[in-house]
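Down below is the structure, laid out as structure tokens.
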2 protein chains.
Amino acid sequence: MEDVTVEGILYAFSNPVRIRIYAELAVAECAQICSAYRDIAGVKLPKSTLSQHFAILRETGLIRSERKGTELHNETRCEELEKRFGPMIDSIIDAYIAQNARSRKVIQKKKRK
Amino acid sequence: MEDVTVEGILYAFSNPVRIRIYAELAVAECAQICSAYRDIAGVKLPKSTLSQHFAILRETGLIRSERKGTELHNETRCEELEKRFGPMIDSIIDAYIAQNARSRKVIQKKKRK
DNA sequence: TCAAAAGTTCTGTTATTACGAACTATATAC
DNA sequence: GTATATAGTTCGTAATAACAGAACTTTTGA
């Protein structure tokens, strides 16, 4: 938690899949990759891709993962994060949820001009 | 401002140079690229690189740029942004400033094993 | 011990980033 | 007008990182 940085967190959240995963974890408190493909906001993603997204969230310090049998259970580190970064993460997720309430659109890759 | 997204903003801020520029703009309300090289938190950057960072901040919707003679004057779009995203951006910049108050270290490229 | 399910690592391809060089735009001097 | 200087953008390319299929590892349960 010492070398968790603001920039690192923002980078992790800058990916549509990762912020969605975190937002789901923030509500569900537990989720796993499951099976070969999993649906994240209307997009089926291969487990290798999801594995890497979870790894980035983990390395960034946003989530904690624990092995339960063959599965991996994930949860946010929200208490520590709030202690360290104040209301930042909550306000990000709030804005993200509000945004998706306005426009019900599917995750898509970023495209710049 | 319609197609400004949470992910887009977080992506823009995930770069150490860009979040620093925005944080400076949030205080100074005006800054320009200036001369060939400019010092951003202890790193000299070529103007081409800075130009692109400013362009990303602009395209993301975080800043507004106006030509004043040969110079470009930049300022944050904080009022509109706060209306749209609530306390998100302020809490990010607050956390960023607090982080840099704790550890006085120079901007460095992200390295992930 | 074999098979199945859950994840991770490896690998080639594709897309992004960084920065020097070349280019554009504005202002001031001659 | 032409020249020159300053501010900033675009282009080209080499280094970096992301994506996803294939192969591998780990745990469980028959």
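Convention: sequence-line order gives letters A, B, ...; per-chain numbering from 1. Values reported hereafter were calculated over all heavy atoms of this structure, with side chains retained and with hydrogens, waters and symmetry mates removed.
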Length of the line joining [X]:[atom1] and [N]:[atom2], which is rounded to integer Å:
X	N	atom1	atom2	answer
Glu71(A)	dT28(D)	CD	P	11 Å
Glu59(A)	dT8(C)	CD	P	11 Å
Leu72(B)	dT6(D)	CG	P	18 Å
His73(A)	dA5(C)	NE2	C1'	13 Å
Leu50(B)	dG8(D)	CG	P	10 Å
Phe54(B)	dA7(D)	CZ	P	13 Å
His53(B)	dA7(D)	NE2	P	20 Å
Asn74(A)	dA6(C)	CG	P	14 Å

Check: Ser91(B)/Ser91(A) side-chain N/O donor and acceptor closer than 3.5 Å
yes
When you compare the side chains of His73(B) and Glu75(B), does any donor N or O come within less than 3.5 Å of an acceptor on the partner?
no
Could you work out which one of dC19(C), dG7(C), dA20(D) sits closest to the side chain of Gln52(B)?
dC19(C)
Of the listed nucleotides (dA18(C), dA6(C), dC19(D)), which one gets closest to any side-chain atom of Thr49(B)?
dA18(C)
Criterion side-chain contact (heavy atoms from CB on, under 4.5 Å) against Tyr22(B), the qualifying member of Thr60(B), Ile9(B), Thr76(B), Asn74(B):
Thr76(B)
Dump the intermediate steps for side-chain contact (heavy atoms from CB on, under 4.5 Å) on Lys83(A) and Met1(A), then the final yes or no.
CA-CA 11 Å; Lys83(A) 198 169 292 175; Met1(A) 182 55 60; over 6 Å; no
Tell me whether the OP1 or OP2 atom of dT9(D) has a side-chain N or O from Arg58(B) closer than 4.0 Å.
yes
Step by step, would you call Lys68(B) with Glu71(B) a salt bridge (charged side-chain N to carboxylate O under 4.0 Å, His left out)?
CA-CA 5 Å; Lys68(B) 292 263 173 65; Glu71(B) 300 182 344; over 6 Å; no
With sugar-phosphate taken as primed atoms, P, OP1 and OP2 and all else as base, the protein-contact string of nucleotides 21-30 of chain C at under 4.0 Å (heavy atoms; B, S, -) is B----BS---
Side-chain contact test, heavy atoms from C-beta onward, threshold under 4.5 Å: evaluate it for Arg20(B) versus Asn100(B) and give yes or no.
yes
Determine the contact category for Arg18(A): base if any of its heavy atoms lies under 4.0 Å from a base atom, sugar-phosphate if only primed atoms, P, OP1 or OP2 are that close, otherwise nothing.
nothing
Would a distance-only check, ignoring hydrogens and angles, find a side-chain to backbone donor-acceptor pair under 3.5 Å from Arg18(A) to Phe13(A)?
no
